[in-house]
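This report refers to the structure that appears directly beneath it.
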Protein chains: 2
Amino acid sequence: MTPYNEGAVIYAQGEPSGPLYLVEYGAVRIHRLTYDGRRQISAFHFAGEVFGFEADGEHHFYAESIDRVGIRTLRPFSEDSNLEGVLPLALQSLIRAQEHLLVLGRRTAMEKVASFFADLNVRQGETGNVYLPMQRSDIADYLGLTFETVSRMLRKLIDARTIRLASTKEVQILNLEALEDLSQ
Amino acid sequence: MTPYNEGAVIYAQGEPSGPLYLVEYGAVRIHRLTYDGRRQISAFHFAGEVFGFEADGEHHFYAESIDRVGIRTLRPFSEDSNLEGVLPLALQSLIRAQEHLLVLGRRTAMEKVASFFADLNVRQGETGNVYLPMQRSDIADYLGLTFETVSRMLRKLIDARTIRLASTKEVQILNLEALEDLSQ
DNA sequence: CGAGGCGTTGATACGCGTCAACCCAGGTGG
DNA sequence: CCACCTGGGTTGACGCGTATCAACGCCTCG
């Protein structure tokens, strides 16, 4: 198990790929930059999730730690391990990417932010308390928005008593039904 | 090998999944509808490509033929076939989905349309002639735009002598470099 | 105490969506 | 064989939602 401090590069675009990575604790962002500095975050990964799939032996994205992270390396392609379990994990990543396509392509800013919180709530155990280790600009780059717009949507959700901010990194869901209606 | 006429449903959201599907000829669209009628096309598939991956035994998208299509069914999960080849195919789908995320999240309408043509050009053999079996609204729903905007971007590309329309369904690329510059 | 990074809020601009009119090609029926 | 109809595509006028630009507050760290 390897620990990383926040903001560390776990792998970079262009590096050779190989192992898979299991998040033991903390959060990771997967992203890519365009020539002109725009950034798209394609995924966040939390404890228990696996990332690092590549088709051709080379990483096409950056993986960076968001907070303090523990990563275990899996080597499913070495001779002494099974390929059995890999396909379901890859399919899980595919499903997530496809769901994200729906959000990016056909949702308003409000719907994007609402569905982001609804998704995190499910992935964090449906406690109604969502932890946001990433900063606003990370959320924006994940949802295809600006951080100002993310901030404004938060304000609207707060004013509507749908959520509450315990701190800038902790969201309490006050009205899950309303949130899910917005997420569609 | 099963032939389908245009507009046929190959599988529907909610149906049990199982086999994979190999396109022998023609084109297929994979899409989903939102409660309020908006549609997101997550992928197009052309001859030689495989689709139909699901994580949990159920289809979460619709697969429909765009024109006349021939489909071969693959049953990699039956006992007499190999699972070997499936992972690379699944990873290919994952890569495509991730690339598409970049396009949907951080590109202008012009860049989306340009990168769509550049992508089709590559997938159709880089001949400089791109065949568009799908209608404008399909392209729009794939790129997260309206069909009017797609039409307007076409007009701009034509006026800039970047492409030419041989017919509404045939694009000739006149200036590949310019197209790729727009695609990033 | 000062500086810098992150977040919020406000004013304004603009890209794309919406709505509407029109064109064109293909198919059908008289 | 032509008139008509229908659906897909194009183009234009306008409005809205989100980006952009800017100011400011707060917290952390030196």
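All chains are named by letter (A, B, ...) in the order of the sequence lines, taking the proteins before the strands, and each is independently numbered beginning at 1. Predicted model, so just to flag it, every value in this text is computed and none were measured.
Between B:K169 and D:dG9, a side-chain N or O to OP1/OP2 separation shorter than 4.0 Å is present. Proximity of A:T149 to the phosphate of D:dA19: a side-chain N or O atom is located under 4.0 Å from OP1 or OP2. Put simply, B:R152 has no side-chain N or O that comes within less than 4.0 Å of OP1 or OP2 on D:dT11.
No option in B:Y62, B:Y21, B:F53 other than B:Y21 meets the ring pair (Phe, Tyr, Trp, His ring centres under 6.0 Å) test with B:Y11.
With hydrogens and angles left out, the side-chain atoms of A:E54 and A:H59 include a donor and acceptor closer than 3.5 Å.
Computed from coordinates, the A:R38 CZ to D:dT20 C1' distance equals 14 Å when rounded to whole Å. If you measure from atom NZ of A:K156 to atom P of C:dG10, you get 13 Å, rounded to the nearest angstrom. Here the P atom of nucleotide D:dG7 and the CG atom of B:D138 are 16 Å apart, to the nearest Å. Atoms CD (B:E111) and C1' (C:dG15) sit 12 Å apart, rounded to a whole Å. Distance, B:R136 CZ to D:dG7 P: 18 Å, rounded to whole Å. Distance, B:M110 CE to C:dG15 P: 13 Å, rounded to whole Å. In this structure, the CG atom of A:L165 is 16 Å from the P atom of D:dC26, given to the nearest Å. Rounded to whole Å, atom P of C:dC16 lies 13 Å from atom CZ of B:R107.
Side-chain to base pairing of B:E148 with C:dC16: no donor and acceptor N or O lie closer than 3.5 Å to each other.
No side-chain donor-acceptor contact under 3.5 Å links A:R75 to the backbone of A:L20. The closest donor-acceptor contact from the side chain of B:N121 to the backbone of B:G128 lies under 3.5 Å.
Distance from the side chain of A:A109 is smallest for D:dT18 among the nucleotides D:dT10, C:dG10, D:dT18. In this structure, the nucleotide among C:dT8, C:dG17, D:dT20 sitting nearest to the side chain of B:L145 is C:dG17.
Mapping A:M134 and B:M153 onto DNA chain C by nearest heavy atom places A:M134 at the nucleotide closer to the 5' end. If B:T108 and A:L154 are placed on DNA chain C by their nearest nucleotide, the residue sitting closer to the 5' end is A:L154.
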